[in-house]
There are 2 protein chains.
Amino acid sequence: MGTKPTPRSIPVAPGSRTPRRSIHECGLFADCPDLVGTPFSYAREEEVYGEGEDAEFVYRVVEGAVRSHKILSDGRRQITGFHLAGNLFGFEQGDTHWHTAEALSDTRVLIFQRRQIERAATRSAEVACQLWGMATTSLRDAQNLMLLLGRRSAQERVAAFLIEVDGRFGGTGAFALPMTRRDIADYLGLTIETVSRTFSQLEENGALRRSGSRQITLHRGRLRHVVEN
Amino acid sequence: MGTKPTPRSIPVAPGSRTPRRSIHECGLFADCPDLVGTPFSYAREEEVYGEGEDAEFVYRVVEGAVRSHKILSDGRRQITGFHLAGNLFGFEQGDTHWHTAEALSDTRVLIFQRRQIERAATRSAEVACQLWGMATTSLRDAQNLMLLLGRRSAQERVAAFLIEVDGRFGGTGAFALPMTRRDIADYLGLTIETVSRTFSQLEENGALRRSGSRQITLHRGRLRHVVEN
DNA sequence: CGGACAGTTGACTATCCTCAAGTATGGTGG
DNA sequence: CCACCATACTTGAGGATAGTCAACTGTCCG
């Protein structure tokens with residue numbers, strides 16, 4: 001989707017395109033000064049990688065947001081995660097991506113070569129343990145989402161989602177959703193209409209306020225009450 | 001549930017209870033001869049560990065089967081995985097279990113001290129990488145289940161489930177389900193009635209045959225056709 | 001101003017859930 | 001060995017939640 005500046009040809013030779021930042025800014029792990037990422041950008045709705053492609057790179061979001069999804073042949077889509085500033089994504093089991101990743105909005109990332117990270121992991125137990133920890137954290141998130149998808153009502157799903165997003169944006173209770181209703185629906189296993197209706201219900205109940213469709217202010221107490229059943 | 005032989009007091013001192021097997025049989029990783037598991041047993045429906053408990057041990061199933069689940073205050077339950085012979089379970093992010101694990105049937109396991117495994121990981125990059133790989137594999141499984149829970153119909157869920165179980169039992173197309181309809185329902189985000197009805201439908205369509213409620217023979221072609229949409 | 005697209009709302013439908021009754025199955029005790 | 005009970009499973013009828021289809025509104029662009 002969108003224009004495709006062949007993302008895979010550029011990051012390998014990072015010299016000219018963008019000057020390297022300080023190690024502190026571009027490095028992946030504190031104790032790996034040689035593990036430096038190359039800055040890169042994606043436009044809104046642009047694909048970062050597609051399911052089935054070689055998993056050559058790993059990405060850290062600097063600014064913007066990315067979604068990962070799986071899709072069925074008839075178009076049904078499940079978003080498995082949103083990656084916000086600071087998040088790492090693109091690790092896979094095996095040599096190919098089993099997800100598609102796309103930028104929600106114009107997004108800046110740092111690109112790392114997967115091989116290089118794997119080599120660092122085989123050399124440094126500390127790096128490997130950090131990677132293990134990140135994978136375990138992702139697993140916990142995935143399992144929480146499984147509970148939500150398998151056992152929660154539409155209201156509970158949307159409320160839990162808003163609380164989650166709020167937390168990831170600093171927990172101020174007010175934020176602009178970086179994703180469309182379709183993205184939310186495909187993350188929560190609902191339809192856009194149900195998401196929209198649920199927003200309206202939550203607004204009626206005073207659990208949130210909308211200013212425009214994206215800007216949300218939460219009444220976190222009431223929202224938590226919806227989730228905590 | 002059931003009798004509780006205080007699982008946590010025994011594995012620490014593995015000397016007397018059961019004679020240690022060969023390293024090959026009890027070890028967790030080939031290159032860690034010091035990482036030896038203690039054999040232990042759980043009765044049908046017995047809890048291995050509960051949500052919120054200290055995650056002191058890690059388990060490998062030798063014989064039998066274990067389920068991991070998360071549960072809401074009103075009893076809604078989501079099973080996040082079944083662990084069969086050979087599978088490792090009990091790793092967590094942080095120091096406490098965020099699941100409950102229970103034996104489906106009388107089950108023999110090997111118990112490992114989590115601390116010891118973590119220490120091995122910090123010493124050996126190879127061990128850490130293996131742990132990382134296992135976590136990544138679990139993550140992939142979890143994300144596939146998310147797609148199933150979020151976007152698939154009851155028929156597709158049950159069909160996919162049966163294909164998965166068949167694969168884990170060797171792919172012969174005939175096996176005895178080790179879990180109840182309730183367990184299946186709570187894994188697939190359905191009710192027992194829907195699971196039961198779906199079994200009946202699939203049997204009518206010739207996609208499977210039942211001999212007793214647990215013994216299943218698959219018509220894998222037709223079943224795959226149901227899943228592949 | 002107008003077009004494209006995102007989002008909302010309404011009416012109707014379908015899938016799955018709930019409640020209820022009935023049928024196997026397996027273990028226990030006489 | 002059989003009767004009995006508890007439990008697992010199946011089936012049916014009706015209902016609720018979320019989905020589908022469609023129309024409409026708002027917003028961002030040029």
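The model shown is predicted, which means the values in this text are computed figures rather than measured ones. So that the names make sense, note that chain A is the first sequence line, chain B the second, and so on, each numbered from 1.
Across all strands, B:Ile192 comes closer than 4.0 Å to no nucleic acid atom at all (heavy-atom distances). Residue A:Arg210 is classed as a sugar-phosphate contact, given heavy-atom separations below 4.0 Å to backbone atoms only. The residue A:Ser196 sits close to a base: some heavy atom pair falls under 4.0 Å. Backbone-only contact: B:Arg214 has heavy atoms under 4.0 Å from sugar-phosphate atoms and none from a base.
Taking atom CZ of residue A:Phe199 and atom P of nucleotide C:dA6, one finds them 16 Å apart after rounding to whole Å. B:Gln201 has its CD atom 16 Å from the C1' atom of D:dC9, to the nearest Å.
For A:Glu193, the side-chain atoms get nearest to C:dT9 when compared with the rest of C:dT9, C:dT18, D:dG19. Checking C:dT8, C:dA6, D:dC9 against the side-chain heavy atoms of A:Arg181 singles out C:dT8 as nearest.
Taking 4.0 angstrom as the limit, A:Ser213 places none of its side-chain polar atoms (N or O) nearer than this to OP1 or OP2 of C:dA6. Here B:Thr191 reaches the OP1 or OP2 of C:dC17: one of its side-chain N or O atoms lies under 4.0 Å away.
Salt bridge annotation for A:Glu102-A:Arg67: present, with a cationic side-chain nitrogen under 4.0 angstrom from a carboxylate oxygen.
The distance from atom CZ of B:Arg60 to atom CG of B:Leu110, rounded to the nearest 0.5 Å, is 7.5 Å.
Side-chain contact check for B:Glu53 and B:His97: no donor-acceptor pair (N or O, by modelled atom type) lies under 3.5 Å.
Between B:Arg197 and B:Met179, the one whose closest nucleotide on DNA chain D sits nearer the 5' end is B:Met179. In terms of position along DNA chain C, the nucleotide closest to A:Arg182 lies nearer the 5' end than the nucleotide closest to the other residue of the pair A:Arg182 and B:Ser153.
For the pair A:Arg168 and A:Phe82, the NZ or CZ position fails the cation-pi test of under 6.0 Å to the six-membered ring centre and within 45 degrees of the ring normal.
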